[in-house]
Each structure stands twice: as C-alpha cells, then as structure tokens.
Protein chains: 2
Amino acid sequence: MAAMDIANHLRRHKKSLTRARTEIWRILTQSEKPLSPNEIHRRLNTPKANLATVYRNLRALQDVGLVREIDLREAFKRYEAILAGRHVHHIMCQVCGRIDKIRHCMIQDMANAIQKESGFTLEDHYLECFGICPSCQPHKTEAQGA
Amino acid sequence: MAAMDIANHLRRHKKSLTRARTEIWRILTQSEKPLSPNEIHRRLNTPKANLATVYRNLRALQDVGLVREIDLREAFKRYEAILAGRHVHHIMCQVCGRIDKIRHCMIQDMANAIQKESGFTLEDHYLECFGICPSCQPHKTEAQGA
DNA sequence: ACAAAAATGCAAATCGTTTGCAAGTCTCAT
DNA sequence: ATGAGACTTGCAAACGATTTGCATTTTTGT
Ligand SMILES: [Mn+2]
Ligand SMILES: [Mn+2]
Ligand SMILES: [Zn+2]
Ligand SMILES: [Zn+2]
C-alpha cells in the first residue's frame, strides 16, 4: 500500500480521511519499529489529537488493513504500518530492547504440515522472536556498532 | 518436567510449595488448552485461593520455568504448563475459538537465517496461528466431528 | 517447635484501553 | 459552494486485567 493509497483505502470502507489518521499514518510509516499508542500520541503535531482518538484510529486503520498490531510481551501493544502488503516479524533484544525486523519467514512452508496436523486452515499467524542484539552480545570484540 | 518435579523446581528457586501452587499446577496440567487466570481461579477447589494469588503464582511458576504465557490476541493472557521442556505453539479457530496445539515448528531451522539477517542470537520465540477449524469450515460434508 | 522467609487475603491502586455523549469535521449529492 | 447526514473527536467516566501495600498466615530450615 503506497502512502497515497490511504485515502482510497479508507473511502472504500466508508471511513473519513481525517487529520489524525493522516498523521498517525505518517508517524507509523516513518518509524523503523512498531510504536505504542502513547509513543504515537507523543509524536503528534500540536494541537494533538486525543489519546482516545489515537486508539480509535489505530483500530480503524487495522480494520481497513493498513495497520498491524504487534505483541512483544510488553505492557502494551505496538502498531506498525503494513507496507506493500508485506508482513514482517520482529526480534527484540532481551538486554536493551532494540527491535529489528525479520523478513525471513517460512511459516508458509509449514502451512501444509500445520493443516495436516490440526485440520485447521491457516489464515494468519504471528511470530515474534527474542534474542540478544550484536551490541549486547558478550565475548565479542565489540567492533560492530549499536 | 514430570508432575512431581514441581517441588524440587520450586525449592531450587527458594519458592515454597503451597496448596495454591500445587492446585494451579494440577489445573494447568489437566487442561488441554492454555487457561486464563480467571478460568484457573474458577477451577480452584474451595476454599479458593484469591485471584491475586493466582496471578502471583502464575508469575512464580513462570519464573521457575514451569509455566508459559500465551497471547492469542484476547483481552487476557493464557497460561499453560511446560511439560517435558517441550515448547508448543497454538492455532485458534477464528470462528468458534477452539484452540489446538501445534507441535510442528521449524523456527529452529530458521534460526541461522534469522541470526544472519539480524545479527541477533535467537534465544526465544513465539508463534501463534489463526485459522478455521474443521467443524467451522464451509463447503464441506460436515462429516467430521467438532 | 522456633525464628525467619515466603505466601496469602483483601482492598485499593494502576494502567492500558474503551465508551457515552455532545460538539466538531468530513463526504457527497445538489 | 452548500447543507444534511455520516463519521469523527474531545473529554471524562467507565472498564477490565493485573499489580500492590500491608497485616496475617503458612512454609521452610534448623
Ligand atoms: Mn510470517
Ligand atoms: Mn517453536
Ligand atoms: Zn541489545
Ligand atoms: Zn471453529
């Protein structure tokens, strides 16, 4: 979904194109990692839309398929823009909290096995990983940057 | 972890073996699917331990590695016993909510690719799937049971 | 059995998220 | 451009899950 598609996307679902939605979409597409509702709210231009509006719009954007919810076992959920229909997974550093994307995913390859094992059709999945990022790894020359 | 190991497990972490913990462990090991704190509380024998105690003990059991938290995008988390150190994933029916286990997992096979792509070591991951269970699938003879 | 450590009940507090409602904004046909 | 209706927003209150303080009870190790 290119950035400009947002208008059509919303119209198709009879949702309005509002300043809050435009801004949230901009914030999400500019972020390198999924953001929490609070983080999004903090980044809004003044006058800031209400936090409740952020929540409502995150749901609206999810409804039309522009945004995805990410659970990294924190106290809150994170949200990210779905670009080009691509779906990605994440890996979070257990030491410093850094979050990177994982584009590698072989779940589709597992689909057959899963459907055979469970009898379910596989419609959706989420995969989130936890590990230690390069700068937090011990016993290294620490040559690589953060 | 066999059912009897719970005592040693707890002792090793200087946690007491209490009635509430024993009961929660029994309830979790007897359940075919992960349970919410409320579900667990409901299944407690009278006199019921307090719900706060259930929460505290679920955390304690996680701390010692006996219990795992599962997020199926519901309003609450679910918890399940970790048996024999095995880790499983789940698939939940998007129509009726039925939850089945998936023992099939090739994430370990992805580990190399993920580590190469992100530079992170892969310490942990979770994978949860959503689909449609046999009894909820349309265009079928409906021959198979629930 | 005893003293110290850990766990519990209970109620209040937190915290993320949702909701009702009146007022404001957007959309679309005229 | 304009007006009515549809949709959205702000605000504060409500919610529900989870956590916490503290006095009391249970468990542990000796
Ligand atoms: Mn995937
Ligand atoms: Mn796995
Ligand atoms: Zn790190
Ligand atoms: Zn089903």
Side-chain angles (χ1 to χ4, degrees), chain A residues 4-28 34-64 66-80, chain B residues 6-28 34-64 66-80:
Chain A
M4 59 139 302
D5 280 326
I6 181 177
N8 307 314
H9 240 273
L10 289 171
R11 195 164 321 140
R12 221 175 294 135
H13 293 260
K14 77 171 82 168
K15 308 237 184 206
S16 308
L17 179 59
T18 65
R19 183 167 95 99
R21 285 178 189 163
T22 307
E23 259 195 284
I24 291 174
W25 178 249
R26 170 184 56 74
I27 291 168
L28 289 181
L35 300 174
S36 70
N38 267 304
E39 288 173 320
I40 295 168
H41 183 247
R42 274 188 240 110
R43 300 185 188 196
L44 287 173
N45 293 328
T46 49
K48 286 183 190 305
N50 192 275
L51 181 56
T53 298
V54 173
Y55 275 102
R56 281 191 278 231
N57 282 331
L58 285 172
R59 174 170 299 179
L61 292 172
Q62 286 181 83
D63 288 346
V64 304
L66 286 168
V67 161
R68 175 185 16 251
E69 183 181 89
I70 310 287
D71 180 324
L72 291 174
R73 294 184 171 166
E74 299 168 289
F76 44 80
K77 299 289 176 60
R78 290 176 180 272
Y79 299 84
E80 73 179 358
Chain B
I6 182 179
N8 307 313
H9 239 274
L10 289 172
R11 195 163 320 143
R12 221 175 296 137
H13 292 259
K14 76 171 83 168
K15 307 237 184 208
S16 307
L17 178 60
T18 64
R19 184 167 94 98
R21 285 179 188 163
T22 307
E23 259 195 284
I24 291 173
W25 178 250
R26 169 184 57 73
I27 290 168
L28 289 181
L35 300 174
S36 71
N38 267 306
E39 288 174 320
I40 294 168
H41 183 246
R42 272 190 241 107
R43 300 184 187 195
L44 288 172
N45 293 327
T46 48
K48 284 182 189 305
N50 191 276
L51 180 56
T53 297
V54 172
Y55 275 101
R56 281 190 278 231
N57 283 330
L58 285 172
R59 172 170 301 180
L61 292 171
Q62 285 181 84
D63 288 346
V64 303
L66 286 168
V67 161
R68 175 181 19 251
E69 184 181 271
I70 310 288
D71 181 323
L72 290 175
R73 292 183 171 166
E74 299 168 289
F76 45 79
K77 299 291 176 60
R78 291 177 179 271
Y79 298 85
E80 75 179 358

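In what follows, every chain begins at residue 1, and chains take the letters A, B, ... in the order their sequences are listed. Only this structure's heavy atoms are used, side chains among them; waters, hydrogens and symmetry mates stay out. Because the structure is predicted, anything quoted here is derived from the model rather than measured.
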Whole angstrom is fine here: how far is it from [atom1] in [X] over to [atom2] in [N]?
{"X": "A:Arg21", "N": "C:dT25", "atom1": "CZ", "atom2": "P", "result": "15 Å"}
{"X": "A:Lys15", "N": "D:dT9", "atom1": "NZ", "atom2": "P", "result": "11 Å"}
{"X": "B:Leu58", "N": "D:dT19", "atom1": "CG", "atom2": "C1'", "result": "13 Å"}
{"X": "A:His13", "N": "D:dT8", "atom1": "NE2", "atom2": "C1'", "result": "17 Å"}
{"X": "B:Glu23", "N": "C:dT8", "atom1": "CD", "atom2": "C1'", "result": "14 Å"}
{"X": "A:Leu61", "N": "D:dT8", "atom1": "CG", "atom2": "C1'", "result": "13 Å"}
{"X": "A:Glu74", "N": "C:dC15", "atom1": "CD", "atom2": "P", "result": "16 Å"}
{"X": "A:Leu51", "N": "C:dT18", "atom1": "CG", "atom2": "C1'", "result": "11 Å"}

State which of [options] makes the closest approach to the side chain of [X].
{"X": "A:Tyr55", "options": "D:dA17, C:dT18, C:dC26", "answer": "C:dT18"}
{"X": "A:Arg56", "options": "C:dT8, D:dT18, C:dG20", "answer": "C:dG20"}
{"X": "A:Ser16", "options": "C:dC26, D:dT27, D:dT20", "answer": "C:dC26"}
{"X": "B:Asn50", "options": "D:dG10, C:dT17, C:dC10", "answer": "C:dC10"}
{"X": "A:Thr53", "options": "C:dC26, D:dT27, D:dG10", "answer": "D:dG10"}

Legend entry - Along DNA chain C (nearest heavy atom to each residue), the more 5'-positioned of B:Lys14 and B:Ala49: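 The answer here is B:Lys14.
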Legend entry - Given DNA chain C, 5'-ward residue of the pair A:Lys77 and B:Pro47, judged by closest heavy atom: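 The residue whose closest nucleotide sits nearer the 5' end is B:Pro47.
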Legend entry - B:Arg59 vs A:Asn57, nearer the 5' end of DNA chain D by closest nucleotide: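 Final value for this comparison: A:Asn57.
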Legend entry - 5' priority, DNA chain D, between B:Phe76 and B:Arg19 [closest heavy atom]: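 Taking each residue's closest nucleotide, the earlier one in sequence belongs to B:Phe76.
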Legend entry - Residue B:Arg19 excluded, over 12 heavy atoms near CZ under 6.0 Å: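 Yes - once you tally the heavy atoms of other residues, nucleotides and ligands closer than 6.0 Å, there are more than 12.
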Legend entry - Nearest-0.5 Å distance that lies between atom CG in A:Asp71 and atom CZ in A:Arg73: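 Spacing of CG (A:Asp71) from CZ (A:Arg73) equals 8.0 Å.
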Legend entry - CD1-OH distance between B:Ile70 and B:Tyr79, expressed to the nearest 0.5 angstrom: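 It comes to 10.0 Å.
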Inset, instruction - Looking at every strand, decide which applies to A:Ala60 at a 4.0 Å heavy-atom threshold: base, sugar-phosphate, or nothing. - result: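 Nothing, no nucleic acid heavy atom in range.
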Inset, instruction - Please state whether the phosphate of C:dG16, meaning OP1 or OP2, lies under 4.0 angstrom from any side-chain nitrogen or oxygen of A:Ser36. - result: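 A:Ser36 to C:dG16 OP1/OP2: no side-chain N or O under 4.0 Å.
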Legend entry - Any B:Thr18 side-chain nitrogen or oxygen under 4.0 Å from OP1 or OP2 of C:dA6: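 Checking C:dA6 against B:Thr18, no side-chain N or O comes under 4.0 Å of OP1 or OP2.
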Inset, instruction - Report yes or no: does B:Glu23 contribute a side-chain atom to a donor-acceptor pair with the main-chain N or O of B:Asn45 at less than 3.5 Å? - result: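 Yes, B:Glu23 side chain to B:Asn45 backbone: donor-acceptor pair under 3.5 Å.
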Inset, instruction - Run through A:Leu51, A:Asn50, A:Leu44 and flag the one making a side-chain contact (heavy atoms from CB on, under 4.5 Å) with A:Lys48. - result: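 When side-chain contact (heavy atoms from CB on, under 4.5 Å) is applied between A:Lys48 and each of A:Leu51, A:Asn50, A:Leu44, only A:Leu44 qualifies.
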